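All remarks here apply to the structure that follows.
Atoms considered below: every heavy atom in the structure, side chains included; atoms not considered: hydrogens, waters and symmetry mates. Just so you know, these numbers come straight off a predicted model, no measurement behind them.
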Amino acid sequence: MAKASAETINENTQDFDVSVEGQDIEFKVTRSDYNKLVNQLGPGNKVNAFHNFLVSTVTEEGKPALLKVLADKPGSEIAIGSDIYEAYTPDLKVTVKKR
């Protein structure tokens with residue numbers, strides 16, 4: 001449904017071009033936006049958290065198209081938001097060893 005590609009402005013801010021149902025919508029995500037989303041993702045709060053994240057990071061030009069998709073397509077908040085969330089999260093190789 002959604003496909004995100006990113007341009008890194010600096011290590012804390014990234015622009016995303018997201019294609020949703022043939023419409024291109026641009027988002028600008030900062031580390032603060034990302035952290036706020038992570039902090040809001042509680043067990044019963046995912047749709048609202050992703051909705052707020054998307055609406056606060058979409059550009060003004062993309063806002064009407066985003067709001068239409070969110071209104072017309074149930075679950076689109078999670079589909080679009082989780083793609084951006086995953087694209088923003090850095091690929092890290094982490095190994096934890098129990099002592």
Determine the minimum heavy-atom distance between [X] and [Y], stating which atoms define it.
X     : Y     : answer
Tyr34 : Thr89 : OH-OG1, 3.1 Å
Ser76 : Lys73 : OG-O, 2.8 Å
Ala65 : Gln23 : CB-OE1, 3.1 Å
Ile84 : Leu54 : CD1-CD2, 3.8 Å
Tyr85 : Leu37 : CD1-CD2, 3.7 Å
Gly62 : Ile25 : O-CG2, 3.8 Å

Does the side chain of [Y] come within less than 4.5 Å of [X]'s, by heavy atoms?
X     : Y     : value
Thr59 : Asp15 : no
Val18 : Glu26 : no
Lys28 : Thr57 : no
Phe27 : Gln14 : no

Side chain to side chain donor-acceptor pair (under 3.5 Å) with Lys68: which residues, sequence neighbours excluded?
Asp72
Restricting to side chain to side chain donor-acceptor pair (under 3.5 Å), what partner residues turn up for Asp91, sequence neighbours left out?
none
Roughly how far, to the nearest 0.5 Å, is [atom2] of [Y] from [atom1] of [X]?
X     : Y     : atom1 : atom2 : result
Glu77 : Phe53 : CD    : CZ    : 13.0 Å
Asn48 : Gln40 : CG    : CD    : 7.5 Å
His51 : Ser56 : NE2   : OG    : 9.5 Å
Leu70 : Ile80 : CG    : CD1   : 5.5 Å
Glu61 : Asp24 : CD    : CG    : 13.0 Å

Check: Leu41 main-chain N/O paired with Asn45 side-chain donor or acceptor under 3.5 Å:
no
If you measure only the distance, is there a donor-acceptor pair under 3.5 Å linking the side chains of Asp33 and Thr30?
yes
If you count heavy atoms of other groups shown closer than 6.0 angstrom to NZ of Lys46, is the number above 12?
yes
